[in-house]
Amino acid sequence: MKSITRSFSETARSFSLVIGSMSKDSVLVINCGSSSLKFAVINPKTEEESISGIAERLVGNEASITWKLNGEKQTLNLGAAGHEGAIEALVGVLRENNLMERIEAIGHRVVHGGEKFTESTLINDEVIQGIEDCNHLAPLHNPAHLLGIRACMKYFPGLPQSVVFDTAFHQTMPAESYLYAVPYSLYKEHGLRRYGMHGTSYRYVSKTAAEMLGLDYDNSAILVAHLGNGASACAVKNGKSVDTTMGLTPLEGLVMGTRSGDIDPNVFSFLNKQCGYSLDEITDILNKKSGLLGLSEMDNDCRVIEDAAAQGNERAQLTLDVFCNVLAKKLAGFASELGRIDALVFTGGIGENSSVIRKNVLERLSIFGFEIDEKANEETFRGKSGVITKPGSTVAMVVATNEELMIARDTEALIAG
Ligand code: ADP
């Protein structure tokens, strides 16, 4: 892959808007974080991704935008760009590559829609206000999404825009799944409840799994483990989320790259009283210094830990075992909520690539009738989807997630009315 770095002015000079004969067939998908902005232009029908990339370091003076087009990677330095500058630069990149004419709408990933948003929706003033109203539930994410949305309104005037929420898919959870056993008034007055994340991935992966297996999605019982740097699991019954592991925030549930997942809530007062850590310090420890990283004292990347375990490092093996034990226990609990298991689906960077983790988890769940097909398990990685259990076994499989495609599909459906 070639890599080219240019200055902003150089590219600005070469902005010659060549109107091609292309029709409007694609959606610009935007995933705006607090200091970065990921983007992709996707045709929801053909699933073709014509360009993808990321603008990074948007807070500070060293912002840049990198994009991949036709297998070639290019980077442009943006200086002190901010989110608005990044969108302006993106418009330049799209124009230069004759992609502006192909964009029929913009779809934004939004992390938190609270209880207000149960599905994807087109953006208007009321929707913007609704996202703002959820800022306290995702203080790092929602304000950044709004920056991206407002910048797109400025630089893509007239283009319809939609929002696709990570939380929306889980709004079908029954109260017995989403309520914490704390004073009910905290839920009613402050919205303290389980919301869950990764909803767009669960929707895509569970539907795709049902299609691949020839299941009736509306009469199915599917467990999904979305295992990336952030990890969660979900019970999907008849196409609807009935339970999930992430909670009010993405800290709850499974062991993750740097997040602890479930712990005794009294850890807060213990660490405060025993070690003198402040609230912010404890929050930082549990979110950024725990999980695979904290336990292994090596790395948050599962590959590093797997390699060390394969070379006989006992702590690395223990870390993997804790990760898999927590996951297996959650999945077993979800199985009781589903009543049966039509399929267990692995997805996300770890779920799609780690045969070691999948094998470890399936062995712990043998009580449910999982019998791993070692060869299929070993051969399923890097975006490949397929069944990894033997004929006659309860089905476990891998489905490569594609949240961007789901956002593009939702957006197209919304503009089609
Ligand atoms: P995010 O939550 O950031 O979207 P991803 O879904 O991209 O995360 O997953 C990233 C993680 O996937 C990496 O941190 C790494 O732990 C894991 N991963 C990627 N490839 C492999 C592999 N071959 N074996 C084990 N783990 C892998």
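Indexing begins at 1, ligand by ligand and atom by atom, following the structure's order. We number each residue from 1, following the sequence as shown. Predicted model only: the values in this text are computed from it and were never measured.
Within a 4.0 Å radius of atom 3 (O) of ligand 1, the protein has at least one heavy atom. Within 4.0 Å of atom 20 (N) of ligand 1, at least one protein heavy atom is present.
Salt bridge absent: E281 and K289 never bring a charged side-chain N and a carboxylate O closer than 4.0 Å. A salt bridge between R193 and E115 is present, with a side-chain N of the basic residue lying under 4.0 Å from a carboxylate O of the acidic one. Ionic pairing of R315 and E297 is present here: one or more N-O contacts between side-chain nitrogen and carboxylate oxygen are shorter than 4.0 angstrom. A salt bridge does not link D410 to R109: none of the charged nitrogens lies less than 4.0 Å from a carboxylate oxygen.
Closest to atom 8 (O) of ligand 1 among all protein heavy atoms lies N229 N, 3.1 Å. Of the protein's non-hydrogen atoms, N353 CB, 3.4 Å is the one closest to atom 23 (N) of ligand 1. Scanning the protein for heavy atoms near atom 6 (O) of ligand 1, the closest one is G349 N, 2.9 Å. The single protein non-hydrogen atom nearest to atom 17 (C) of ligand 1 is I350 CG1, 3.4 Å, given as residue, atom name and distance. Counting protein heavy atoms only, atom 26 (N) of ligand 1 is closest to C302 CB, 3.5 Å.
Counted by atom type alone, T347 and Y202 present zero donor-acceptor pairs between their side chains at under 3.5 Å.
Partners of F370 under the ring pair (Phe, Tyr, Trp, His ring centres under 6.0 Å) rule, at least two apart in sequence or in another chain, do not exist in this structure.
Checked by distance only, ligand 1 and G348 stay at 3.5 Å or farther apart across all their nitrogen or oxygen atoms. Residue G228 places no N or O, backbone or side chain, under 3.5 Å from any N or O of ligand 1. Backbone and side-chain nitrogen or oxygen atoms of L227 are examined, and none is located within less than 3.5 angstrom of a nitrogen or oxygen of ligand 1. Taking distance alone, with nitrogen or oxygen atoms compared against 3.5 Å, D301 approaches ligand 1 more closely than that limit.
Within the structure, the closest approach of G230 to ligand 1 falls below 4.0 Å when heavy atoms are considered.
Between H170 and Y178, the distance separating the two ring centers is not shorter than 6.0 angstrom.
With hydrogens and angles ignored, the 3.5 Å screen pairs a side-chain donor or acceptor of K384 with a backbone N or O of E379.
Residue E306 approaches ligand 1 through these ligand atoms, each under 4.0 Å from one of its heavy atoms: 25 (C).
Exactly one residue among D301, T258, N300 makes a side-chain hydrogen bond (donor to acceptor under 3.5 Å, both in side chains) with N229. That residue is N300.
Relative to atom 24 (N) of ligand 1, the option among R303, R382, E403 with the closest non-hydrogen atom is R303.
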